[in-house]
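Throughout, numbering of the chain's residues begins at 1 and tracks the sequence.
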Amino acid sequence: MAIERRPLVFDHVLTYRTEQRKTDWQEPLGLLESFVLDKGVYKNGPAFFTFVPEPEDESTGTFTYYQPVNGPLETGGDNGFGYEARFHSGDALVMRQAEQEADFDAAYVKVQDAAVKEGLVLGETYYCVLLDVYGDIMIDLVVPLEGGRPE
């Protein structure tokens with residue numbers, strides 16, 4: 001498993017923010033799919049998400065999902081959906097196929113180890129990128145660096 005240094009960058013990104021249990025991370029993916037179809041745009045990149053646990057109960061927290069689409073769209077605002085003209089993670093370390101680890105925490109530890117070796121400082125947030133490869137899901141872990149290279 002190689003760890004690379006590169007940003008995650010997409011134009012025209014649908015977002016969806018929700019509070020839920022960590023184990024239910026896949027449930028909102030269907031909502032994203034339906035929203036994209038209803039708005040008449042097409043997905044043109046992988047869905048990805050970030051999770052911020054609740055301080056008192058790390059099994060629940062705030063998820064933000066991202067779905068790149070082929071053009072700008074109106075989301076209506078207060079239903080949890082949003083839109084970003086451009087998403088840029090900033091300079092980041094990327095681990096391909098993070099699901100081969102016991103869990104995301106184990107994958108994150110490997111990325112932390114690589115950062116320490118290189119003298120890099122990781123940010124608090126990480127993104128799980130869901131790649132559909134021949135009907136299977138492959139997961140990349142993208143961890144932005146503090147003070148990393150600019151765009």
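Rounding to the nearest 0.5 angstrom, the gap separating the NE2 atom in H88 from the CG atom in D11 is 10.0 Å. Between the CD atom of E19 and the OG1 atom of T62 there is a distance of 3.5 Å, given to the nearest 0.5 Å. A distance of 10.5 Å separates OH in Y126 from CD in Q112, rounded to the nearest 0.5 Å. Atoms NE2 and CZ, on H12 and R86 in that order, are 10.5 Å from each other to the nearest 0.5 Å.
The backbone N or O of G82 lies less than 3.5 Å from a partner atom in the side chain of T15, making a donor-acceptor pair. Between the side chain of D132 and the backbone N or O of G135 there is at least one donor-acceptor pair closer than 3.5 Å.
Considering only heavy atoms from C-beta on, V94 stays 4.5 Å or farther from L141 through its side chain. Side-chain atoms of Y16 and F49, non-hydrogen and from C-beta on, never get closer than 4.5 Å to each other. Proximity of L145 to L122: side-chain heavy atoms (C-beta onward) are separated by under 4.5 Å at one or more points. When side chains are defined from C-beta on, Y108 counts as touching V143, because their heavy atoms get closer than 4.5 Å.
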List, one per line, each side-chain donor-acceptor pair under 3.5 Å for residues 30-47, sequence neighbours excluded.
from : atom 1 : to  : atom 2 : distance (Å)
E33  : OE1    : K43 : NZ     : 3.0
S34  : OG     : G30 : O      : 3.2
K39  : NZ     : E74 : O      : 3.1
N44  : OD1    : V69 : N      : 3.3
N44  : ND2    : V69 : O      : 3.4

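Aromatic pair F48/Y65: ring centres not closer than 6.0 Å.
A donor and an acceptor atom, one from each side chain of R21 and T60, are nowhere located under 3.5 Å apart.
No single ILVMFWY cluster, assembled from side-chain heavy atoms under 4.5 Å apart, contains both I3 and V121.
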